[in-house]
Participant: 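One structure, pasted below without further comment.
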Amino acid sequence: MTEKGRIVKMVSQDQEEFEVEYGVATMSTLIANVLQDVSEETTTVPIPNVNAQVLAKVIEYCRYHYEAKRIDQSEEDIERWNKDFMKVDNKTLFNILIAASFLDIADLLDLGCKTVAGMIKDKSVEQIRELFCIEGDFTEEQEAKMREENNWGSEMSQENNAAQ
Amino acid sequence: MSVDTLPYDVQRMVLERLDAHSRLTMRAVNKSWYNVFNDFPRWESVRIEAGQASGNEGLRSLLAAIRPRKILVRGRVLTPELLGVLSGSPLLEELSFAFCGFGSELDVSSLGTERNSSLKKVSFVGNRLINADSLQALMSAQPSIIELSSRTEPKNAAEMFWAAPSREWVCTRDPGTGTISSSFTKSGGSAFH
């Protein structure tokens, strides 16, 4: 069977099956590696860490980008689509990130991390805790020390990349 | 579900996509992010601008966390305590001051109070020249320093128009023999001088 016509069946954690074109499925480095190691007759790939709702979103991303590359979609259109794609609640966003990390889809992982970073930018510690439902677990002394450090941090900028 | 449920590598990738200020803010959110931040490689270079932050202990512990290779301080008032904390930053190799204010004569001796064996270059650029004796005294106090300089430079276009010639003292240490030598140069200046 040629790779062009090949269909891969992805099975989510909750046993839902998704039939996906080979080129779309192999945007995941993990799936590409799995398919390389098995015979051509193998078409089913279990994705035990990702539920159907999240897997559907991930496949939606891969399908769009596979097609966008094929038809040479403009950067502007892709950017607009990415922005809309990331308009999800926090829980879905984090699950997409976890799935992208597990499936090793570098572009989706980058997009998700940039989205989270964009949500964090210019917010205070308290605002970030509220936004992401995080409980502070420092002692009062540690909090005070951190505040003093961050006073300096607000007047500090990083000039270039980190050294090793 | 919280952002803390993200795997370590993903948390780290999020931090990498933040500017320095947001990264430092995220570090103060909770212990999980604090730990991810602290596993970062040391920072290559930071710039400290003029501002209101005070309390040298805060700066000392922040520098210990980010361990920059190079620090550029611009437009701050330099006190001997601040000089001591900056020069004591762990693994610091270069320290530069640009247009920083100080009293009638900058007491650079505090640069040597917190011995820092990694510190190799210190430079001052501004409207005033630090005298060669002070620079030489500091070179003696901090054996790791191989180059120490003070240069006058106009701050803006107006100053440039009226500027006196640029003057510079450079003290260097021969790494082989340990001999300290200093040189003075004078260049440029407007037609009015």
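By convention in this document, chain letters (A, B, ...) are assigned in the order of the sequence lines, proteins followed by strands, and residues within each chain are numbered from 1.
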Participant: Which atoms of B/I66 come close to chain A, meaning under 4.5 Å heavy atom to heavy atom: side chain ones, backbone ones, both, or neither?
Facilitator: side chain
Participant: Do you know which two heavy atoms are closest between B/T25 and A/S124, and how far apart they sit?
Facilitator: CG2-C, 3.9 Å
Participant: Any side-chain to backbone donor/acceptor pair from A/W152 onto B/G55? Under 3.5 Å, distance only.
Facilitator: yes
Participant: I'd like to know which of B/I48, B/V46, B/L59, B/L62 tops the heavy-atom pair count under 4.5 Å against chain A.
Facilitator: B/L59
Participant: Membership question, hydrophobic clusters at under 4.5 Å side-chain separation (ILVMFWY): are A/W81 and A/V88 in the same one?
Facilitator: yes
Participant: Heavy-atom distance under 4.5 Å to chain B: side chain of A/K145, backbone, both or neither?
Facilitator: side chain
Participant: Roughly how far apart are A/L111 CG and B/R17 CZ, rounded to 0.5 Å?
Facilitator: 10.0 Å
Participant: Which atoms of A/D110 are under 4.5 Å from chain B, going by heavy atoms: the side chain, the backbone, both sets, or neither?
Facilitator: both
Participant: Quick check on B/I71 against chain A: is it the side chain, the backbone, both or neither that has a heavy atom closer than 4.5 Å?
Facilitator: neither
Participant: Apply salt bridge (Lys or Arg N to Asp or Glu O under 4.0 Å) to A/K123 and list each qualifying residue two or more places apart in sequence or on a separate chain.
Facilitator: none
Participant: Which heavy atom of A/N151 sits nearest to which heavy atom of B/A53, and what is that distance?
Facilitator: O-CB, 3.5 Å
Participant: So which residue, A/E155, A/M156, A/M146, ends up with the most heavy-atom pairs under 4.5 Å with chain B?
Facilitator: A/E155
Participant: Spell out, yes or no, whether A/V11 and A/V24 are grouped together once hydrophobic residues are joined by side-chain heavy atoms under 4.5 Å, including indirect joins.
Facilitator: no
Participant: So which heavy atom on B/L18 is nearest to which on A/A117, and how close?
Facilitator: CD2-O, 3.4 Å
Participant: Mind checking what makes salt bridge (Lys or Arg N to Asp or Glu O under 4.0 Å) contact with A/E148, not counting sequence neighbours?
Facilitator: none
Participant: So if you build clusters from Ile, Leu, Val, Met, Phe, Trp, Tyr with side-chain heavy-atom gaps below 4.5 Å, do B/L148 and B/I146 land together?
Facilitator: no
Participant: Within this structure, what is the CG-CG distance for the pair A/N95 and B/L6, rounded to the nearest 0.5 Å?
Facilitator: 9.0 Å
Participant: Given B/V29, which partner from the list A/R129, A/E135, A/E126 fulfils the side chain to side chain contact (heavy atoms under 4.5 Å, CB included) test?
Facilitator: A/R129
Participant: In Å, rounded to the nearest 0.5 Å, how long is the span from CZ of B/R12 to SG of A/C113?
Facilitator: 12.0 Å
Participant: If you draw a 6.0 Å radius around CD in B/E49, do more than 12 non-hydrogen atoms from other residues or ligands fall strictly inside?
Facilitator: yes
Participant: Mind listing the closest non-hydrogen atom pair of B/L24 and A/G153 along with its distance?
Facilitator: CD1-CA, 3.4 Å
Participant: So which part of A/Q142 gets closer than 4.5 Å to some heavy atom of chain B, the side chain, the backbone, both or neither?
Facilitator: side chain
Participant: Are B/V170 and B/V122 co-members of a hydrophobic cluster defined by side-chain heavy atoms under 4.5 Å apart?
Facilitator: no
Participant: Can you name the closest pair of heavy atoms from B/K31 and A/D137 and give their distance?
Facilitator: N-OD1, 2.8 Å
Participant: Take B/V10 and A/I98 through the side chain to side chain contact (heavy atoms under 4.5 Å, CB included) test and state the conclusion after the steps.
Facilitator: CA-CA 8 Å; B/V10 179; A/I98 292 168; over 6 Å; no
Participant: Say whether B/V85 and B/V77 are linked into one hydrophobic cluster, either directly or through other cluster members, by side-chain heavy-atom distances under 4.5 angstrom.
Facilitator: no
Participant: Name the member of B/E16, B/M13, B/R47, B/R67 that forms the most heavy-atom pairs with chain A at distances under 4.5 Å.
Facilitator: B/R47
Participant: Are there over 12 heavy-atom neighbours, none belonging to A/K114, within less than 6.0 Å of that residue's NZ?
Facilitator: no
Participant: Mind checking whether B/D19 and A/K121 have side chains closer than 4.5 Å, heavy atoms only?
Facilitator: yes
Participant: Can you name the closest pair of heavy atoms from A/F138 and B/R27 and give their distance?
Facilitator: CZ-O, 3.8 Å
Participant: Examine whether an atom of B/E57 lies under 4.5 Å from a heavy atom of chain A, and if so say whether it belongs to the side chain, the backbone or both; otherwise answer neither.
Facilitator: both
Participant: So how far is it from A/S157 OG to B/H21 NE2, rounded to the nearest 0.5 Å?
Facilitator: 11.5 Å
Participant: Inspect the surroundings of CD in A/Q13 and state if more than 12 heavy atoms from other residues, nucleotides or ligands are less than 6.0 Å away.
Facilitator: yes
